[in-house]
Amino acid sequence: MQHKTQLTLSFLLSQVLLLACAEDLECVPGFQQKVFYIEKPFEFTKDKLILNLKFDDCNGNNQLNFEVSNPDFTVELDGNLVALKNVSEAGRALFVHARSEHAEDMAEIFILEANEKRGALKEILKLEGNLGIPRQKRAILTTPILIPESQRPPFPRLVGKVIRSEGTEGAKFRLSGKGVDQDPKGIFRINEMSGDVSVTRTLDREEIANYELEVEVVDMNGKTIDGPVRLDISVIDQNDNRPMFKEGPYIGHVMEGSATGTTVMRVAAFDADDANTDNALLRYNILKQTPTKPSPNMFYIDPEKGDIVTVVSPALLDRETMESPKYELVIEAKDMGGKDVGLTGTATATILIDDKNDHAPEFTKKEFQATVKEGVTGVIVNLTVGDRDDPATGAWRAVYSIINGNPGQSFEIHTNPQTNEGMLSVVKPLDYEISAFHTLLIKVENEDPLIPDITYGPSSTATVQITVEDVNEGPMFHPNPMAVTKQENIPVGSVVLTVNATDPDTLQHQTIRYSVYKDPAGWLEINPTNGTVGTTAVLDRESPFVHNNVYTALFLAIDSGNPPATGTGTLHITLEDVNDNVPSLYPTLAKVCDDAKDLRVVVLGASDKDLHPNTDPFKFELSKQSGPEKLWRINRLNNTHAQVILLQNLKKANYNIPISVTDSGKPPLTNTTELRLQVCTCKKSKMDCSASDALHISLTLILLSLLSLFCL
């Protein structure tokens with residue numbers, strides 16, 4: 001029944017073509033029918049006739065052969081299309097390419113579902129769709145042209161024909177559109193007289209899959225007589241592109257011990273051929289695995305999706321027992337659904353087996369020994385451990401802790417980042433006389449936690465036995481620093497204090513001698529036997545060697561060991577002040593104009609090197625003035641300052657005014673200082689202090705003073 005339906009359709013189609021074209025048309029090389037519709041059977045049976053294809057190159061069909069797009073089908077020399085094996089799925093269409101010595105052509109067989117078949121005959125009779133024959137009467141008749149891509153020379157090659165049912169003398173065909181007179185130009189051309197359409201070079205479907213051209217008939221002057229009519233040219237895909245992997249490098253990770261079937265990664269290839277054909281239907285396969293142990297088939301790739309999954313048991317996926325934690329897979333992608341005729345492309349996928357913390361660190365031995373001199377700090381021993389996990393991860397890196405034997409926090413342990421060893425250090429000096437031996441218990445763990453079924457065992461702890469060696473330690477002053485308070489100016493030879501130093505080496509019974517180490521002012525001495533410190537000079541609180549009332553000296557205590565050891569003691573002497581410094585007056589020079597209206601000459605200040613209460617308040621006084629009248633007076637302003645005032649204007653001269661200032665110490669100290677007063681001529685804001693009769697008053701005062709002394 002099916003065969004009869006197909007023959008009926010073919011017959012009707014041929015009749016339609018005959019009606020559309022003139023009866024006396026010349027032979028057109030190629031398939032006599034280019035488009036077929038068949039109903040999809042349950043299965044195409046091997047060697048059973050599907051339909052018959054008529055091909056005529058109008059020249060005897062010499063060396064005729066057929067090619068079918070699906071390799072499960074073939075066309076025999078008599079044009080019968082049959083299946084080479086039982087086929088249940090052949091896709092939506094088959095393309096048959098015929099080639100002889102003089103012509104070649106393409107036919108399409110569309111495979112329709114049952115519900116699609118009902119309307120197929122009606123569409124054919126409408127002369128619409130793929131045939132391209134218009135319903136209205138036309139002088140130009142065109143049918144779609146199908147051209148396989150990647151054809152080999154020679155060119156030009158006849159690919160189709162345009163028919164004109166009405167002849168007009170001098171008329172000719174003209175072809176236009178993309179591929180003719182538009183870029184890319186010159187691909188197609190038409191015989192102006194016969195209507196033969198030719199292709200001039202190899203086509204590439206991946207560049208352009210369809211061309212929409214126009215055909216018209218023009219007279220001798222180029223004027224359009226008929227048309228334009230659309231001419232569709234489709235480039236039929238050929239399997240001329242290999243699959244390509246474009247997204248590499250492909251690197252995947254999987255945790256060791258993962259369950260069988262764990263997805264590692266996905267690889268995907270690209271095929272530039274028609275995605276609707278088997279030419280771009282890809283299937284994946286693993287060609288090679290390196291290394292091949294513990295199993296040559298550690299992984300499987302989904303042939304359709306490209307997913308790579310593990311296929312070995314979790315026990316075999318053990319990073320620590322593998323030859324290498326890195327596997328390289330050569331992946332092949334093959335088009336044509338993986339059939340032998342398909343083209344292939346390859347890529348390398350790298351799979352890294354990631355480590356998990358399934359091995360606890362273990363000390364290489366149960367007990368370690370170390371020796372350290374007392375008083376010394378630093379690393380004393382390196383503790384070694386082994387761990388089978390990945391050294392680049394926290395599952396390998398060790399963390400050490402002291403869990404017993406370190407009550408004084410004298411020891412610390414840190415991890416060497418390069419070797420993973422535990423560096424045990426003394427951070428507080430040890431004392432042989434207190435303890436000559438120490439025992440530490442050390443624990444090692446990983447930065448990352450262990451997996452649930454693994455625990456730290458006895459090998460993750462170790463003992464360290466530390467022996468402290470005795471050394472000759474220097475004597476120690478008690479207290480250090482030492483402090484004492486003394487008055488300045490105490491008599492030379494006074495005892496300051498007696499220092500005390502002891503030898504930490506109590507088992508050696510050594511003697512101690514003392515000496516001065518640093519005495520900046522040279523004021524002190526020390527008895528070498530009993531440590532008594534005495535003065536050799538007056539202690540002066542105002543000395544530049546005293547800072548903030550404190551004088552500092554250093555002393556040595558030297559034991560009788562071999563070689564002798566030395567200890568240093570610091571002595572701070574706080575000096576109490578006594579009133580041993582007279583006050584000083586400032587300033588000692590003042591200037592005033594001879595016609596000044598303001599007779600307040602100068603404000604005087606006083607200072608004292610001593611400390612309170614041996615300083616202010618100060619008492620200011622003028623020495624006794626001679627002559628018929630007083631010339632100046634002094635007024636106290638506050639505890640430290642007073643003001644000198646003229647009682648009248650004076651002539652231009654230099655005057656010396658004796659002023660005494662007394663501190664508040666017990667007993668008080670007085671200092672007399674002459675204030676030099678210059679009386680100057682002032683004009684236009686300029687002061688002239690040059691004086692020919694300088695010291696006039698001062699000489700008179702001196703003579704008067706001498707006379708008064710003799711009178712006494």
Side-chain angles (χ1 to χ4, degrees), residues 253-258 294 313-325 352-471:
H253 294 260
V254 62
M255 188 68 69
E256 64 171 330
S258 295
S313 67
L316 286 181
L317 207 62
D318 185 357
R319 187 182 182 281
E320 286 73 39
T321 61
M322 290 177 172
E323 178 181 328
S324 169
L352 301 174
I353 311 300
D354 291 337
D355 187 37
K356 61 182 179 181
N357 198 7
D358 54 351
H359 295 88
E362 297 180 345
F363 283 101
T364 57
K365 52 186 178 180
K366 195 63 182 174
E367 185 174 290
F368 295 84
Q369 304 289 333
T371 301
V372 59
K373 294 181 182 296
E374 65 172 333
V376 175
T377 59
V379 177
I380 58 174
V381 65
N382 290 314
L383 309 183
T384 54
V385 296
D387 195 317
R388 298 171 62 190
D389 291 313
D390 184 0
T393 67
W396 176 82
R397 291 190 288 270
V399 178
Y400 298 88
S401 58
I402 303 172
I403 60 177
N404 195 15
N406 190 27
Q409 305 300 309
S410 299
F411 303 93
E412 287 183 359
I413 188 166
H414 300 281
T415 304
N416 185 318
Q418 281 74 41
T419 65
N420 216 30
E421 295 177 347
M423 301 182 296
L424 181 63
S425 303
V426 176
V427 294
K428 293 182 180 179
L430 303 177
D431 191 338
Y432 171 83
E433 284 71 29
I434 295 177
S435 178
F437 299 96
H438 295 268
T439 300
L440 304 180
L441 186 61
I442 310 294
K443 181 180 180 180
V444 63
E445 297 176 314
N446 288 131
E447 286 185 2
D448 293 347
L450 297 173
I451 60 175
D453 54 341
I454 302 295
T455 59
Y456 293 103
S459 296
S460 295
T461 58
T463 301
V464 182
Q465 299 290 348
I466 302 169
T467 301
V468 181
E469 294 182 344
D470 187 28
V471 297

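Position 1 is the first residue of the sequence, and the numbers go up from there. Values below: every heavy atom of this structure, side chains too, minus hydrogens, waters and symmetry copies.
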Checklist entry - Between Asp354 and His253, does a side-chain hydrogen bond (donor to acceptor under 3.5 Å, both in side chains) hold up when you go through it step by step? => result CA-CA 6 Å; Asp354 291 337; His253 294 260; 3.0 Å; yes

Checklist entry - What pairs with Thr439 under side chain to side chain donor-acceptor pair (under 3.5 Å), at least two apart in sequence or on another chain? => result Gln465

Checklist entry - Looking only at heavy atoms, which two atoms of Val385 and Phe363 are closest? And how far apart? => result CG1-CD2, 3.6 Å

Checklist entry - So, Lys356 side chain and Asp389 main chain: donor-acceptor pair closer than 3.5 Å or not? => result no

Next on the checklist: Minimum heavy-atom separation for Leu316 and Pro294, please, with both atom names.
Outcome noted: O-CG, 3.7 Å

Item to check | Nearest-0.5 Å distance that lies between atom CD in Gln369 and atom OG1 in Thr463 | outcome: 10.0 Å

Item to check | ring-ring contact (aromatic ring centres under 6.0 Å, His included) partners for Tyr432, two or more places apart | outcome: none

Next on the checklist: Filter on salt bridge (Lys or Arg N to Asp or Glu O under 4.0 Å), then keep only pairs touching residues 449-467, sequence neighbours left out; what's left?
Outcome noted: none

Next on the checklist: Let me confirm one number: the CD1-CG distance from Ile451 to Asp358, rounded to the nearest 0.5 Å.
Outcome noted: 5.0 Å

Item to check | Check: Leu317 and Met322 side chains under 4.5 Å, non-hydrogen atoms | outcome: yes

Checklist entry - Can you tell me how far CG of Leu440 sits from CD1 of Ile413, rounded to the nearest 0.5 angstrom? => result 8.5 Å

Next on the checklist: Restricting to non-hydrogen atoms, name the atom on Leu450 and the atom on Thr455 that form the minimum distance, rounded to 0.1 Å.
Outcome noted: CD1-C, 3.7 Å

Next on the checklist: Just so I know, are the side chains of Val372 and Leu430 near enough to count as touching, which here means a heavy-atom distance under 4.5 Å?
Outcome noted: yes

Checklist entry - Quick one: does Ser425's side chain have a donor or acceptor within less than 3.5 Å of a partner on Val427's backbone? => result no

Checklist entry - Do Ile466 and Leu424 come within less than 4.5 Å of each other through their side chains, counting heavy atoms only? => result yes

Next on the checklist: Donor-acceptor pair, distance only, cut-off 3.5 Å: does the side chain of Glu374 make one with the backbone of Val471?
Outcome noted: yes

Checklist entry - Just checking, is any N or O donor in the side chain of Asn357 or Asp448 under 3.5 Å from an acceptor N or O on the other one? => result no

Checklist entry - Judged by atom type as modelled, is there a donor-acceptor pair below 3.5 Å linking the side chain of Ser435 to the main-chain atoms of Phe437? => result yes

Checklist outcome for this item: Gly375 and Pro429 have their tightest heavy-atom pair at CA-CB, 3.6 Å

Checklist outcome for this item: Sorted by chain and number, sequence neighbours left out, salt bridge (charged side-chain N to carboxylate O under 4.0 Å, His left out) with Glu469 holds for Lys373

Can you give me every donor-acceptor pair (side chain of residues 390-406, partner residue at least two apart or in another chain, under 3.5 Å) with its distance?
residue: Asp390; atom: OD1; partner: Arg319; partner atom: NH2; Å: 3.4
residue: Asp390; atom: OD1; partner: Ala392; partner atom: N; Å: 3.1
residue: Asp390; atom: OD2; partner: Arg319; partner atom: NH2; Å: 3.3
residue: Thr393; atom: OG1; partner: Asp390; partner atom: O; Å: 2.8
residue: Thr393; atom: OG1; partner: Ala395; partner atom: N; Å: 3.3
residue: Arg397; atom: NE; partner: Glu447; partner atom: OE1; Å: 2.9
residue: Arg397; atom: NE; partner: Glu447; partner atom: OE2; Å: 3.3
residue: Arg397; atom: NH2; partner: Glu447; partner atom: OE1; Å: 3.3
residue: Tyr400; atom: OH; partner: Asn420; partner atom: O; Å: 2.7
residue: Tyr400; atom: OH; partner: Gly422; partner atom: N; Å: 3.2
residue: Asn406; atom: OD1; partner: Gln409; partner atom: N; Å: 3.4
residue: Asn406; atom: OD1; partner: Ser410; partner atom: N; Å: 2.9
residue: Asn406; atom: OD1; partner: Phe411; partner atom: N; Å: 3.2
residue: Asn406; atom: ND2; partner: Phe411; partner atom: O; Å: 2.9

Checklist entry - Side chains of Asp355 and Glu256: does their closest heavy-atom pair fall under 4.5 Å? => result yes

Checklist entry - Do Glu362 and Asp387 come close enough that some side-chain heavy atom pair is under 4.5 Å? => result no

Item to check | Residue pair Val381 / Val464, side-chain heavy-atom distance below 4.5 Å | outcome: yes

Checklist entry - Is there a side-chain contact between Tyr456 and Val444, using heavy atoms and a 4.5 Å cut-off? => result no

Checklist entry - Run the salt bridge (Lys or Arg N to Asp or Glu O under 4.0 Å) check on Glu445 and Lys443 step by step: do they pass? => result CA-CA 7 Å; Glu445 297 176 314; Lys443 181 180 180 180; 3.2 Å; yes

Item to check | Residue list, side chain to side chain donor-acceptor pair (under 3.5 Å) with Asp431, at least two apart or on another chain | outcome: none

Checklist entry - If you round to the nearest 0.5 Å, how far is OG of Ser258 from CD1 of Ile353? => result 8.0 Å

Checklist entry - Run the side chain to side chain contact (heavy atoms under 4.5 Å, CB included) check on Asn446 and His359 step by step: do they pass? => result CA-CA 10 Å; Asn446 288 131; His359 295 88; over 6 Å; no

Item to check | Steps toward side chain to side chain contact (heavy atoms under 4.5 Å, CB included) verdict (Asn382, Asn416) | outcome: CA-CA 9 Å; Asn382 290 314; Asn416 185 318; 5.8 Å; no

Next on the checklist: Whether the side chain of Ser460 engages the backbone of Pro361 through a donor-acceptor N/O pair (distance < 3.5 Å, no angle test) should be reported.
Outcome noted: yes

